[in-house]
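Notes for the one structure printed next.
All residue numbers refer to positions in the sequence shown, counting from 1. Reckoned from all heavy atoms, side chains included, excluding hydrogens, waters and symmetry mates. What you are looking at is a predicted structure, and each value in this text was computed from that prediction instead of being measured.
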Amino acid sequence: RAAYREQLAGLSGTLKAVLLDATGNAVQGDLAVRELADTLKGSKDSVHAVVFDGVITQRLLDIAAERKIATVVGVKMGNVTKVPDTVEILTRDDLK
């Protein structure tokens with residue numbers, strides 16, 4: 001979790017995202033948050049976690065569940081009605 005906290009702190013105010021593999025290495029970095037959903041949908045890489053400077057949305061969680069992404073880390077939760085069982089969701093407050 002400390003690694004996620006550092007990643008999120010590093011992204012603060014940038015509106016960027018980083019995709020991480022299971023070992024915590026960046027698969028893709030410096031990704032604009034507005035392109036995040038489409039990039040995840042089309043990604044061939046094995047993405048384990050997504051850390052981004054933005055609000056966690058239902059659409060993002062649905063894609064994460066579909067792509068078997070284990071962890072989504074964002075600034076805060078948006079209007080999410082259905083949380084996938086398979087995705088760990090962490091916000092800035094969870095990482096304090």
Query raised in the report: Below 4.5 Å, heavy atoms only, C-beta onward: do R92 and K76 meet side chain to side chain?
Result: no

Please set out all donor-acceptor pairs under 3.5 angstrom arising from side-chain atoms of residues 34-46, sequence neighbours excluded.
unit_1: T39; atom_1: OG1; unit_2: E35; atom_2: O; d: 2.7
unit_1: S43; atom_1: OG; unit_2: D45; atom_2: N; d: 3.2

Requested in this report: Working to the nearest 0.5 Å, report the span between OG1 of T86 and CZ of R67.
Outcome: 13.0 Å

What pairs of donor and acceptor atoms, side-chain ones from residues 6-20 against any protein atom, are under 3.5 angstrom apart with sequence neighbours left out?
unit_1: T14; atom_1: OG1; unit_2: L11; atom_2: O; d: 2.5
unit_1: T14; atom_1: OG1; unit_2: K16; atom_2: N; d: 3.2

Query raised in the report: If you measure from OH on Y4 to CG on L90, what distance do you get to the nearest 0.5 Å?
Result: 7.5 Å

Query raised in the report: Is the closest side-chain heavy-atom distance between V80 and L61 below 4.5 Å?
Result: yes

Query raised in the report: If you look at every heavy atom in M77 and V55, which pair is closest and at what distance?
Result: C-CG1, 3.8 Å

Query raised in the report: Do the side chains of L60 and I69 join up, straight or via other hydrophobic residues, at under 4.5 Å, putting them in one cluster?
Result: yes

Query raised in the report: Is the shortest side-chain N to carboxylate O distance from D93 to K96 below 4.0 Å?
Result: yes

Report task. Mind checking the CZ-CD spacing from R1 to E88? Nearest 0.5 Å is all I need. Result -> 5.0 Å

Report task. Report yes if the side chains of I89 and V83 come closer than 4.5 Å at any heavy-atom pair, otherwise no. Result -> yes

Query raised in the report: Is V33 reachable from V50 through a run of I, L, V, M, F, W or Y residues, each pair having side-chain heavy atoms under 4.5 Å apart?
Result: yes

Query raised in the report: Should R59 and I63 count as side-chain neighbours, where that means a heavy-atom distance under 4.5 Å?
Result: yes

Query - Side-chain heavy atoms of V87 within contact of T71, under 4.5 Å - result: no

Query raised in the report: Okay, side chain of R5, backbone of L95: is any donor-acceptor separation there less than 3.5 Å?
Result: yes

Requested in this report: Would you indicate whether the side-chain heavy atoms of F52 and V72 approach each other to under 4.5 Å?
Outcome: yes

